[in-house]
Amino acid sequence: MKQGITDTPFYFTSDVLKGDNVKYSERRLGDLKSVFADEESWEAMDKDTLAYKVSSLEIAPQGTPGDLYMGITYLYPGKVGKEYFMTKGHFHHNRECTEFYWGVSGEGMLILMDEDRNVWAERMGPGTLHYIPPRVAHRVANTGSEILVFAASWPSNAGHDYETIAREGFAKRLLEINGKPELV
Ligand code: S6P
Ligand code: ZN
């Protein structure tokens with residue numbers, strides 16, 4: 001049982017999440033097969049290239065209703081063909097679960113898609129805050145030349161449905177066209 005005054009057990013400074021049980025994961029280009037439209041360009045790239053890394057703090061066991069997780073993602077700049085480096089993207093397995101994303105540094109775009117496959121995007125940058133509604137898939141693209149850092153908080157019973165996106169993709173892709181990001 002906790003009593004008295006202690007130091008915070010976790011640190012979330014501008015761009016670092018650390019502490020006991022903070023989990024780390026990473027995705028390299030090789031882990032992102034079939035994610036990008038231009039498979040030929042993907043084939044020609046070094047599969048060891050780091051695309052993004054994630055630190056997350058998941059206190060309650062996955063599936064616990066009412067608890068919260070948080071994480072921070074570092075998404076590297078780069079493109080596969082004309083398409084910006086991006087996260088795999090997912091729906092929540094429990095479709096009613098929502099999420100907050102917020103921009104820490106760098107420049108990017110949060111790409112959202114509802115179950116009718118309508119796609120829209122919100123610009124991300126330092127201090128932007130994004131509410132991801134129920135039943136909306138989400139992925140982030142780095143549209144800048146610096147690393148894009150963003151944080152997230154989501155319910156511990158959300159779960160990740162990557163399969164639907166792997167099978168059906170997003171209805172639109174964020175490509176660089178004439179030097180600018182466009183949803184195509
Ligand atoms: C978890 C949260 C983020 C993402 C991370 C990587 O619910 O949305 O921590 O896991 O940004 O994206 P993805 O789509 O590969 O999980
Ligand atoms: Zn999510």
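First listed ligand is number 1; within each ligand, the first listed atom is number 1.
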*Asks:* Provide the atom name of the closest N, O or S atom of E99 relative to the Zn ion (ligand 2).
*Replies:*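 Result: OE1.
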*Asks:* Distance check below 2.8 Å: does H160 bring an N, O or S atom to the Zn ion (ligand 2)?
*Replies:*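 For H160, the answer is no, given that no N, O or S atom comes within less than 2.8 Å of the Zn ion (ligand 2).
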*Asks:* Among all protein non-hydrogen atoms, which one is nearest to atom 2 (C) of ligand 1, and what is the separation to 0.1 Å?
*Replies:*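 Sorting protein heavy atoms by distance from atom 2 (C) of ligand 1 puts E99 OE2, 3.0 Å first.
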*Asks:* N/O to N/O below 3.5 Å, does that happen between G71 and ligand 1?
*Replies:*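 No, no N or O pair falls under 3.5 Å.
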*Asks:* For K88, does its backbone N or O pair with a side-chain atom of R139 as donor and acceptor, under 3.5 Å?
*Replies:*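 Side chain of R139 to backbone of K88: a pair is present.
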*Asks:* Which class fits the ring pair H92 and H160: parallel under 30°, tilted 30 to 60°, perpendicular over 60°?
*Replies:*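 H92 and H160: perpendicular rings.
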*Asks:* Which protein heavy atom lies closest to atom 3 (C) of ligand 1, and at what distance to 0.1 Å?
*Replies:*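 For this ligand atom, the closest protein heavy atom is Y101 OH, 3.9 Å.
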*Asks:* For G89 and ligand 1, answer yes if some heavy atom of the residue is under 4.0 Å from a ligand atom, otherwise no.
*Replies:*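 Yes.
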*Asks:* Is it the side chain (CB and beyond), the backbone, both or neither of Y162 that lies under 4.0 Å from ligand 1, heavy atoms counted?
*Replies:*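 The answer is the side chain.
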*Asks:* Give the atoms of ligand 1, by number and element, whose distance to some non-hydrogen atom of F150 is under 4.0 Å.
*Replies:*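 Result: 11 (O).
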*Asks:* Nearest heavy-atom pair of K79 and Y84: which atoms, and what distance?
*Replies:*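 It is CG-CA, 3.8 Å.
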*Asks:* How many degrees, to 10°, between H138 NE2 and H90 NE2 as seen from the Zn ion (ligand 2)?
*Replies:*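 So the angle at the metal works out to 90°.
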*Asks:* Membership question, hydrophobic clusters at under 4.5 Å side-chain separation (ILVMFWY): are L110 and L174 in the same one?
*Replies:*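 Different hydrophobic clusters.
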*Asks:* When you look at T87 and Y52, which way does the side chain to side chain contact (heavy atoms under 4.5 Å, CB included) test go after all the steps?
*Replies:* CA-CA 7 Å; T87 59; Y52 58 98; 3.9 Å; yes
*Asks:* Does D46 CG have over 12 foreign heavy atoms under 6.0 Å away?
*Replies:*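 Yes - once you tally the heavy atoms of other residues, nucleotides and ligands closer than 6.0 Å, there are more than 12.
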*Asks:* Nearest protein heavy atom to atom 15 (O) of ligand 1, by residue and atom, and its distance?
*Replies:*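 Result: Y52 OH, 2.5 Å.
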*Asks:* When you measure from atom 12 (O) of ligand 1 to every protein heavy atom, which one gives the shortest distance, and what is it?
*Replies:*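 Looking only at protein heavy atoms, the one closest to atom 12 (O) of ligand 1 is T87 CB, 3.5 Å.
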*Asks:* So between K88, R27, H90, whose heavy atom ends up nearest atom 10 (O) of ligand 1?
*Replies:*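 Minimum heavy-atom distance to atom 10 (O) of ligand 1 goes to H90.
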*Asks:* Could you identify the single nearest non-hydrogen protein atom to atom 11 (O) of ligand 1 and state the distance to 0.1 Å?
*Replies:*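 I find the closest protein heavy atom is T73 OG1, 2.8 Å.
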*Asks:* Go through the steps to decide whether Y74 and S105 satisfy the test side chain to side chain contact (heavy atoms under 4.5 Å, CB included), and finish with yes or no.
*Replies:* CA-CA 9 Å; Y74 305 84; S105 65; over 6 Å; no
*Asks:* Decide salt bridge (charged side-chain N to carboxylate O under 4.0 Å, His left out) for R173 and E83; before the verdict, give the C-alpha distance in whole Å, the side-chain angles of both, and the deciding distance to 0.1 Å.
*Replies:* CA-CA 7 Å; R173 292 178 173 277; E83 197 168 17; 2.6 Å; yes
*Asks:* Determine, stepwise, if the pair T164 / D161 fulfils side chain to side chain donor-acceptor pair (under 3.5 Å).
*Replies:* CA-CA 6 Å; T164 303; D161 168 11; 2.6 Å; yes
*Asks:* Would you kindly specify which portion of H160 sits under 4.0 Å from ligand 1, judged on non-hydrogen atoms: side chain, backbone, both or neither?
*Replies:*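 Looking at H160 and ligand 1, just side chain atoms fall under 4.0 Å.
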